[in-house]
Amino acid sequence: MIAPAVLRGRDRYERVTTGRVDDAPDDAFVHTVRLEEPERALEIEIVATPSPGYVVRAARGRPLRGDVAASVTSGIAALGGVAMVGGLTRRAADAVGTGSGAALAVDGVIESARLARQVAKLPAEQAARANASDPLTCWQLDRAGWIDLPDSCFTYSEAGGRLFGTRPITTAASPDLYRPRAGQRGVFERRRVARLERRDGRLVLFHSMHDNVHGFELRLEIDEATGTVISAEHATPRLPYRGLCDEPQKKLGALVGEKADAGLRRRVQLLLGGPTGCAQLYDLTADLLKLLG
């Protein structure tokens, strides 16, 4: 029997996460993330350099509602100088400790790092080449502008690149994502809604993400008694590269029949991620499964 901690005393839990990226001086961006759940709400603001460094220049945490430990906000401020690369989850967890709101704060830091992978400051002459009518050029700019994109998913793999010219491919990219105007606010904006409900012997999980280039709406159902995934489906009203990003979306069905045990989040990486998968689909699914803990 699965007994998620977030459902203690209730049958429904929901978290709303919003993110915004603003341009900042001196080759930096401001990533602002607001997280709201029933017990508390927290805002995190991180000033960081773009790829390839992703170095935090300043960080601030601000409680908006409910119980958020002072050690959590001071821990966020201590992240200055940290690079938002591999190992960030552990470093953020060490910094914020275990007080009230710590887990929410770590998730906010991770979301800031994800936002950093959506904006760049390429040289002006390169960024000027970005044009929605030329998806191949945008794809090439992506791989040049974000050091960790090549082979991070099917779209940015060599196999994905070979599909240009063989089928219709369109892109949702815009020039501002490659080099925003000085002082531009709202260069990139994102909204996530994660929900877990207990319903007729099932756990129903929902996760949506909508931003400048993505639109995902994911739904899983798990048999509460056996812990088995009995349904996995999603819709993708918007994708960065329609015609490329569609390819790995069919992988989600592989979750049906899986046990929602402690190892499922690791298995999801093999099932949904990597150079044959979709990084966003993996992140959305892995984040959703965390609610079962």
Side-chain angles (χ1 to χ4, degrees), residues 15-37 40-65 68-122 145-149 152 176-192 194 209 211-214 279-280 283-284 286-287 290:
R15 177 190 291 184
V16 177
T17 304
T18 55
R20 188 186 78 244
V21 181
D22 300 326
D23 182 60
D26 301 323
D27 193 31
F29 288 104
V30 180
H31 307 289
T32 304
V33 176
R34 177 174 292 200
L35 307 99
E36 302 179 65
E37 62 178 7
R40 60 186 59 83
L42 174 68
E43 182 179 87
I44 293 174
E45 182 182 277
I46 291 180
V47 180
T49 62
S51 175
Y54 299 119
V55 176
V56 176
R57 288 185 172 164
R60 175 184 66 87
R62 183 166 68 95
L64 302 175
R65 171 175 51 80
V68 178
S71 57
V72 170
T73 52
S74 63
I76 292 170
L79 291 172
V82 168
M84 297 193 296
V85 294
L88 178 62
T89 300
R90 176 183 53 78
R91 287 191 286 270
D94 289 344
V96 302
T98 58
S100 298
L104 198 65
V106 172
D107 288 347
V109 172
I110 297 307
E111 182 62 16
S112 296
R114 291 170 177 170
L115 292 176
R117 271 70 181 174
Q118 306 298 322
V119 289
K121 288 196 174 182
L122 292 177
W146 290 274
I147 192 172
D148 36 10
L149 275 191
S152 62
D176 287 349
L177 299 180
Y178 300 99
R179 187 176 184 88
R181 302 183 305 276
Q184 182 178 345
R185 294 178 59 82
V187 179
F188 186 85
E189 296 181 289
R190 169 177 285 173
R191 177 181 171 87
R192 294 179 184 258
M209 181 179 75
D211 59 41
N212 301 48
V213 294
H214 304 96
Q280 301 298 340
D283 284 345
L284 286 165
D287 288 354
K290 286 170 61 177

(message) Using the salt bridge (Lys or Arg N to Asp or Glu O under 4.0 Å) criterion, which residues pair with R40? Sequence neighbours excluded.
(response) E37

(request) Check step by step if side-chain contact (heavy atoms from CB on, under 4.5 Å) holds for I46 and L115. (result) CA-CA 11 Å; I46 291 180; L115 292 176; over 6 Å; no

(message) Working to the nearest 0.5 angstrom, can you tell me the gap between E45 CD and I76 CD1?
(response) 11.5 Å

Taking only distance into account, with no hydrogens and no angle test, what donor-acceptor pairs under 3.5 Å do side-chain atoms of residues 49-58 form with protein atoms, sequence neighbours excluded?
residue: T49; atom: OG1; partner: Y54; partner atom: N; Å: 3.3
residue: T49; atom: OG1; partner: V55; partner atom: N; Å: 2.9
residue: S51; atom: OG; partner: G145; partner atom: O; Å: 3.4
residue: S51; atom: OG; partner: I147; partner atom: N; Å: 2.9
residue: Y54; atom: OH; partner: D148; partner atom: OD1; Å: 3.1
residue: R57; atom: NH1; partner: D26; partner atom: O; Å: 2.5
residue: R57; atom: NH2; partner: D26; partner atom: O; Å: 3.3

(request) Take H31 and V119 through the side-chain contact (heavy atoms from CB on, under 4.5 Å) test and state the conclusion after the steps. (result) CA-CA 10 Å; H31 307 289; V119 289; 4.2 Å; yes

(message) Quick check: closest heavy atoms across S74 and S71, and the distance to 0.1 Å?
(response) OG-O, 3.1 Å

(request) Mind checking side-chain hydrogen bond (donor to acceptor under 3.5 Å, both in side chains) for D211 and listing every partner two or more places apart, or none if nothing turns up? (result) R190, H214

For a quick test of your reading: what N or O donor-acceptor pairs under 3.5 Å do the side chains of residues 83-110 make, sequence neighbours left out?
residue: R91; atom: NH2; partner: A83; partner atom: O; Å: 3.4
residue: R91; atom: NH2; partner: G86; partner atom: O; Å: 3.0
residue: S100; atom: OG; partner: D67; partner atom: OD2; Å: 2.9
residue: D107; atom: OD1; partner: K290; partner atom: NZ; Å: 2.6
residue: D107; atom: OD2; partner: R15; partner atom: NH1; Å: 2.7

(message) Between the side chains of D287 and R114, is the shortest nitrogen-to-carboxylate-oxygen separation below 4.0 Å, so that they form an ion pair?
(response) yes

(request) Measure the CG-CG distance between L177 and N212 for me, rounded to the nearest 0.5 Å. (result) 5.5 Å

(request) For residues I44 and S112, report the shortest heavy-atom separation together with the two atoms involved. (result) CG2-OG, 4.4 Å

Quiz: residues 178-187 side-chain donor-acceptor pairs under 3.5 angstrom, not counting sequence neighbours:
residue: Y178; atom: OH; partner: C138; partner atom: O; Å: 3.3
residue: Y178; atom: OH; partner: D142; partner atom: OD1; Å: 2.7
residue: R179; atom: NH1; partner: L122; partner atom: O; Å: 2.8
residue: R181; atom: NH1; partner: D176; partner atom: OD2; Å: 3.3
residue: Q184; atom: OE1; partner: R181; partner atom: N; Å: 2.9
residue: Q184; atom: NE2; partner: D176; partner atom: OD2; Å: 3.0

(request) Apply side-chain contact (heavy atoms from CB on, under 4.5 Å) to E43 and list each qualifying residue two or more places apart in sequence or on a separate chain. (result) T32, R34, R60, R62, L64

(request) Please lay out, stage by stage, how V16 and R191 fare under the test side-chain contact (heavy atoms from CB on, under 4.5 Å). (result) CA-CA 7 Å; V16 177; R191 177 181 171 87; 3.6 Å; yes

(request) For the residue pair F29 and D22, establish whether any side-chain heavy-atom pair is separated by less than 4.5 Å. (result) no

